[in-house]
Amino acid sequence: MTHPSKAADFVDWRRGQISREIYVSEDVYRRELETLFTRAWLFVGHESQIPNPGDFFTSRMGEESVILVRDKAGVIHVLLNSCRHRGMKVCRYESGNTSLFTCPYHSWTYTTDGRIRGIPLYKALYEGNLNRDEWSLVEVAKLHNYKGTIWATWDPDAPDFLTYLGDAKIHLDQALDCRDGRPGGSEVIGVHKWVFPANWKFAAENFLGDTYHNPSHRSVDMIGIGPSALEGVKGRRDNELEQAQHVWCSFPAGHGVHSAVQPEGYEFVDQFKNDPEIADYFRYCHEERKRRLGEDARFLPFVGTIFPNTSYHGRQPRSLCSWHPHSANETEGWRFFLVDADAPTKIKDFLRTYYMRYSGPAGMTEQDDMENWLYATKASMGTIARRHNFNYTQSMGASELNPVVNGIEVRGDVSQQVTEHMAVGFYRRWAQYLDQEPWDVLMGKGDERFTPKAAAE
Amino acid sequence: MDATVETPRILRDDAYYTLRREIEEFYYDEAECIDTRRFTEWLDMLHEDLRYFMPMRHNVKFGQHAERENTREDEGISWFNEDKWTVTKRVEQILTGVHYAEEPLSRTTHMITNVQVLQALPDAASAQEVHTSCRFHTYLNRVEYETYNFVGKRYDRLVRVDGDWKVRHRKILLDQNILQAKNLSTFF
């Protein structure tokens, strides 16, 4: 199999075609691990998972095991979970509280900030040869706590997280902020982890805002599993956006989202009708959010993917996902379910029950996604199949820069009809990581979509 | 150490073995219903107040298993934690014929073994409620090459309604941490 020397040759964005090689090739996969997962900002976990000094949660970045830990001084670290001596994992528990990470192999120990605490027989065997300060657990180059979500990168030259997030920020905010509009305040109530035989990019792309795949959820829409299903409402969620203008946005750093803007003076759509008390709570949250945010409250999230492999579901259900690469044709999905930390127990119980029947490998909606991703990967592996590109021409040319939608400016390369331009934008950036372009290019420099027309002329 | 384990307490007399055979038959009937895709009939074997619960299993430090190994029924996220309405929805979904994760339908074989009656109320001879323990091995093959083996422990509470046993509470302990399957599209 010969591959283009440049990944960019796989992504023919001008014609809206992308080679299947990027979903099946082991060579491409290795390049992703080396050039993309070592540089991009990755979601690691949530501070609600490690509230106290010494708390840790074992996570992943790319293929690698990392420990998200709050040290004894309360500072959050992300450390490579591999002893500096012979590589054994220093932590094989999923979460817990500790004052030391002890390697089972030769008993090197590390404190919760990653520094060496003890090396057996140090004086007799190592003194004079080993400087302890140089052999701490490997720590990420940069870490950012954004509204409780912890993000990290191995690249010291990476732009700061908020620059990286760019205009995708207010979309992600909608998933992280309280339902009543207060900033932040979410907590993780559980994490699904499962392995599925599909390339990780199928999942990431799905959440960029592939609205077109709705027919694959027909079965669940027919039977109705949403928060108002007991009242006979069909579908998999309440349609709070029935009057809204949907927007699909691509951003310079490769992120893509699907959100919506309610019209001015829109009517609140009743939701969560299974239980009047729950319905009242969410109506209250809606009113309160409107009071706090004013006109900006008309802006609502749906789904999105923060480049490269962190996706969110903004409302019904509400979660963050990491699509960890396992191999070219295998992915480990982690879904972190979110609620407002200070929501009443009854609300949390209602939401978790809904999340479980909707999401993940046991969820009635997402089982059908996994079926698609698996067989799309499988059926793209053949020699003949690989010769034929995927088509991404949907709504090509229908997007515009920073349009005003229902009176609100929506920033980014934005389409107001169902589209795949976010995926094309994602893969343009993806190719530039693989081709080891500098950070200004990875942040969109030279991308004509984000150059204001007046300036270009 | 493991909070999920209930040591059998009841006397192993003839009444016990007769009751156990009856419960085993019930489980075989359930497996037969599911494996022959008579899902609606299977629903009739579930109590109206069913709780169907499959926790996630965590890797925890020695001494913490009772407290932290399994996710909980009363809070947080599990694989399944639902009532009969939701299980019924799952059956309805399969019966739409367009639930692509089960279309075409998977081939399943549910094997149930190590059945023990842990408790019989009021007693084994006239039991109206039983608490049981068993092991399951569920084999699932779908389309061409996709094959999964789900192995674990199950703890049930069955109650007799108008003479028939119904599953009132089912706790399914799948012996996996990270789920080694793309979907849990069968019943347990």
Side-chain angles (χ1 to χ4, degrees), chain A residues 58 91-98 188-198 215-225 229-230 274 319 330-337 345 348-349 352-357 359-375 378, chain B residues 52-64 67-69 71-83 85-104 106 142-146 148 172 174 176-186 188:
Chain A
T58 309
C91 182
R92 288 165 300 142
Y93 309 118
E94 275 177 283
S95 65
N97 184 281
T98 193
V188 170
I189 55 167
V191 185
H192 274 171
K193 301 178 183 178
W194 75 108
V195 174
F196 53 93
S216 61
H217 296 305
R218 194 165 141 233
S219 64
V220 84
D221 286 340
M222 285 164 73
I223 62 168
I225 62 157
L230 293 181
N274 277 5
S319 62
E330 195 170 67
T331 301
E332 186 168 313
W334 285 22
R335 177 171 271 106
F336 298 69
F337 292 95
T345 303
K348 290 183 183 179
D349 279 342
R352 71 189 175 102
T353 305
Y354 171 56
Y355 296 168
M356 281 186 274
R357 70 176 179 262
S359 299
M364 284 185 261
T365 303
E366 293 185 344
Q367 290 184 350
D368 292 324
D369 290 317
M370 250 81 73
E371 188 81 359
N372 291 329
W373 302 339
L374 189 167
Y375 289 101
K378 273 254 187 282
Chain B
Y52 183 81
F53 174 52
M54 183 194 280
M56 293 184 286
R57 315 287 302 280
H58 291 314
N59 298 313
V60 299
K61 201 172 167 59
F62 183 85
Q64 298 182 346
E67 200 57 38
R68 301 187 57 231
E69 184 180 19
T71 54
R72 292 165 55 148
E73 192 177 314
D74 59 353
E75 64 174 32
I77 297 288
S78 292
W79 289 125
F80 296 102
N81 189 352
E82 60 200 41
D83 56 10
W85 178 83
T86 308
V87 179
T88 304
K89 282 288 171 189
R90 293 182 187 277
V91 169
E92 278 178 35
Q93 186 183 22
I94 292 170
L95 299 182
T96 62
V98 290
H99 176 27
Y100 299 110
E102 275 298 323
E103 180 57 36
S106 299
R142 64 175 287 91
V143 195
E144 294 166 318
Y145 310 108
E146 232 186 311
Y148 303 100
I172 307 144
L174 179 65
Q176 294 182 5
N177 167 237
I178 293 173
L179 182 67
Q180 307 291 305
K182 83 178 201 296
N183 278 334
L184 291 167
S185 60
T186 186
F188 291 90

* **Criterion side-chain hydrogen bond (donor to acceptor under 3.5 Å, both in side chains) on A/E94 and B/N177, from CA distance to verdict** => CA-CA 10 Å; A/E94 275 177 283; B/N177 167 237; 2.9 Å; yes

Identify which part of [X] has an atom lying under 4.5 Å from any heavy atom of chain B, answering side chain, backbone, both or neither.
{"X": "A/R352", "result": "both"}
{"X": "A/T98", "result": "neither"}
{"X": "A/V188", "result": "neither"}
{"X": "A/M222", "result": "side chain"}
{"X": "A/D349", "result": "side chain"}
{"X": "A/I223", "result": "both"}

* Asked: Hey, are A/Y375 and B/E146 close enough side-chain-wise for a donor-acceptor pair under 3.5 Å?
  ->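 Looking only at side-chain atoms, A/Y375 and B/E146 do form a donor-acceptor pair, the distance falling under 3.5 Å.
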
* Look only at the side chain of A/R357 and the backbone of B/V87, and say whether a donor-acceptor pair between them is shorter than 3.5 Å. =>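 Side chain of A/R357 to backbone of B/V87, a donor-acceptor pair under 3.5 Å: no, none is there.
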
* Does B/E75 come within less than 4.0 Å of A/K348, counting only side-chain N to carboxylate O? ->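 Between A/K348 and B/E75 there is no salt bridge, as every charged N stays at least 4.0 Å from the carboxylate O atoms.
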
* **Note, A/V195 side chain near B/I178 side chain (heavy atom, < 4.5 Å)** =>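 They are in contact (side-chain heavy atoms under 4.5 Å apart), so the answer is yes.
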
* Please tell me if the side chains of A/H192 and B/W79 come closer than 4.5 Å, counting only heavy atoms from C-beta onward. =>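 The answer is yes; the side chains approach within 4.5 Å.
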
* **Option in A/L230, A/T331, A/T58 with maximal non-hydrogen atom pairs under 4.5 Å from chain B** =>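 Most heavy-atom pairs within the cutoff with chain B belong to A/L230.
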
* **Where A/A362 and B/L184 come nearest, the two heavy atoms and their spacing** =>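 For A/A362 versus B/L184, the nearest heavy atoms are CB-CD1, 4.1 Å.
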
